[in-house]
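This structure is a prediction, so every number in the text was calculated from the model and none was measured.
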Amino acid sequence: MMAAATGGGGERSSTRDRLLAALEDLELLARELIEILAISRNQKLPQPGEESQILGLLIQRDGEFQELMKLAVDQGKIHHEMQLLEKVVEKRDSDIQQLQKQLKEAEHILATAVYQAKEKLKSIEKARKGAISSEEIIKYAHRISASNAVCAPLTWVPGDPRRPYPTDLEMRSGLLGQMNNPSTNGVNGHLPGDALAAGRLPDVLAPQYPWQSSDMSMNMLPPNHSNDFMLEPPGHNKENEDDVEVMSTDSSSSSSDSD
Amino acid sequence: TLLDPASTPWGSPLVPDDTGNRLRFQLELEFVQCLANPNYLNFLAQRGYFKDKAFVNYLKYLLYWKEPEYAKYLKYPQCLHMLELLQYEHFRKELVNAQCAKFIDEQQILHWQHYSRKRMRLQQALAEQQQQNNTSVK
């Protein structure tokens with residue numbers, strides 16, 4: 001009949017259940033008391049003092065009930081605070097997530113920036129390695145253009161003997177040509193029977209063919225062991241390393257000082 | 001007849017003194033530029049020079065002319081492109097055909113005229129613009 005609700009702890013049953021159980025008990029006790037009082041009006045009591053016993057129990061149960069009510073109110077307050085705190089926690093959570101997103105973005109942007117900066121540095125280094133004075137470039141550009149080596153003369157028409165490469169005449173008039181035919185050089189570079197000679201323009205007859213370039217220092221060739229051409233292509237032979245000197249920008253035909 | 005390369009430097013022993021180096025430099029400078037002449041290349045191909053391993057090794061050796069400190073002596077820098085192509089056996093084989101050489105020759109000449117044509121077009125465009133400006137200005 002009595003609900004077995006112990007004080008304190010409440011882990012076994014919730015406050016609500018305990019409240020309901022207490023109410024039930026109160027109801028039962030009240031009913032019993034009323035029954036006994038009703039009976040005692042008409043008959044003798046089988047057990048004297050039972051009604052006061054029941055009354056006592058009733059009062060006790062009521063006391064417990066009141067306490068449970070207080071407990072419930074407190075619990076309600078705590079629950080309310082918990083909800084508030086939970087809301088706060090939620091807010092903080094979303095703040096953290098927002099910050100996380102922004103951090104990620106920032107990291108991405110920075111990574112891109114760093115990467116691009118590195119690429120830039122690489123290309124700067126590359127450019128520095130290949131640096132040539134603008135004067136040299138202009139000189140060279142003038143050299144290959146003014147002689148119509150890389151750009152056709154503006155008055156060129158089919159039939160003009162000039163070409164973007166050394167022509168027969170130029171080849172024969174060079175060192176290689178001299179080595180082959182030292183005695184048949186003809187007059188002024190005109191070879192007998194040379195069909196091209198007929199329409200030759202004046203500048204080609206100039207004795208100095210700049211494509212042979214006599215204005216340089218001579219110790220700058222890579223080493224050449226001609227026998228090696230029978231074998232694999234040569235690397236630099238150790239014994240000939242002395243022959244190769246670093247080129248200076250001033251070319252001169254001075255004699256060598258290495259040995 | 002075009003130059004016979006049989007008497008040229010890679011058949012001769014290395015001369016270690018200065019004049020030797022100077023001479024070798026000039027000869028190699030001349031020879032590498034001759035490679036820009038497709039007719040000469042055809043000549044070489046037909047005489048079987050491209051099949052000679054020593055010659056092919058020599059062509060590879062000549063690649064040093066691509067370095068800037070050497071390239072600046074080239075009057076015909078186009079020869080470097082031909083030299084690069086000559087490293088490939090397929091190209092060397094093709095050069096035996098006269099049509100191949102002729103085609104290369106034509107393309108070279110057309111390319112050679114590229115800048116003159118471009119300049120002419122620019123000048124024409126400029127002249128036309130000036131005409132327009134003159135007629136619109138009162």
Side-chain angles (χ1 to χ4, degrees), chain A residues 130 132 136 139-140 143-145 147-156 158 163-168 170-172 174-177 179-181 209-234 240 243 246-247 249 251 253 255-256, chain B residues 2-5 7-14 16 18-31 33-40 53-58 60-61 63-64 68-79 82 105 108-109 111-117 119-120:
Chain A
I132 301 179
E136 256 191 70
K139 267 196 227 161
Y140 186 69
R143 210 177 121 188
I144 58 180
S145 320
S147 53
N148 294 318
V150 295
C151 181
L154 293 169
T155 55
W156 197 90
R163 287 288 182 277
Y165 42 74
T167 53
D168 287 11
E170 291 172 38
M171 293 202 295
R172 261 171 259 172
L175 265 186
L176 286 172
M179 282 174 59
N180 279 335
N181 311 307
Y209 289 81
W211 70 296
Q212 291 137 12
S213 174
S214 56
D215 62 331
M216 78 315 178
S217 87
M218 70 230 83
N219 279 346
M220 36 164 301
L221 281 174
N224 168 6
H225 254 179
S226 57
N227 293 332
D228 287 353
F229 296 129
M230 296 303 296
L231 313 169
E232 280 311 297
N240 279 335
D243 286 344
V246 175
M247 258 304 294
T249 51
S251 37
S253 35
S255 54
S256 115
Chain B
L2 291 171
L3 292 178
D4 182 7
S7 57
T8 40
W10 63 86
S12 57
L14 174 67
D18 299 336
T19 12
N21 271 339
R22 188 197 170 109
L23 185 68
R24 180 154 74 88
F25 178 81
Q26 268 189 286
L27 289 170
E28 289 183 0
L29 175 63
E30 278 185 32
F31 182 73
Q33 290 182 105
C34 288
L35 296 178
N37 185 334
N39 302 311
Y40 185 54
K53 185 140 205 295
F55 189 86
V56 173
N57 286 342
Y58 185 67
K60 187 164 174 181
Y61 154 78
L63 285 169
Y64 75 87
E69 54 266 25
Y70 293 102
K72 67 188 195 185
Y73 292 108
L74 296 173
K75 181 181 168 194
Y76 298 101
Q78 316 82 302
C79 69
M82 297 307 235
D105 192 19
Q108 266 185 297
I109 293 176
H111 180 267
W112 187 46
Q113 298 174 315
H114 171 73
Y115 285 111
S116 334
R117 280 201 299 269
R119 200 178 297 154
M120 268 198 292

Distance (rounded to the nearest 0.5 Å) between A:R163 CZ and B:N37 CG: 9.5 Å
Correct closest heavy-atom pair for A:A152 and B:S116 would be O-OG, 3.1 Å
Within the side chain of B:Q78, is there an N or O that forms a donor-acceptor pair under 3.5 Å with the backbone of A:A149? yes
Got a donor-acceptor contact below 3.5 angstrom from the A:Y165 side chain to the B:N39 backbone? no
Please lay out, stage by stage, how A:V150 and B:Y115 fare under the test side-chain contact (heavy atoms from CB on, under 4.5 Å). CA-CA 9 Å; A:V150 295; B:Y115 285 111; over 6 Å; no
For the backbone of A:L175 and the side chain of B:E30, can you confirm whether one donor and one acceptor N or O come within less than 3.5 Å of each other? yes
Find the distance between CH2 (A:W156) and CH2 (B:W112) and round it off to the nearest 0.5 Å. 6.0 Å
Write down the atom of A:Y140, the atom of B:K72, and the distance for their closest heavy-atom approach. CE1-O, 3.2 Å
Please determine whether the number of non-hydrogen atoms from other residues, nucleotides or ligands lying under 6.0 Å from atom NE2 of B:H114 exceeds 12. yes
Please step through side-chain contact (heavy atoms from CB on, under 4.5 Å) for the pair B:L27 and A:L176, ending with a clear verdict. CA-CA 6 Å; B:L27 289 170; A:L176 286 172; 3.6 Å; yes
Spatial distance of atom CG (A:N148) from atom NZ (B:K75) [nearest 0.5 Å]: 8.5 Å
Using the rule given for side-chain contact (heavy atoms from CB on, under 4.5 Å), can you reason through B:R119 versus A:L154, listing the C-alpha separation, both sets of side-chain angles and the distance that settles it, and then say yes or no? CA-CA 9 Å; B:R119 200 178 297 154; A:L154 293 169; 4.1 Å; yes
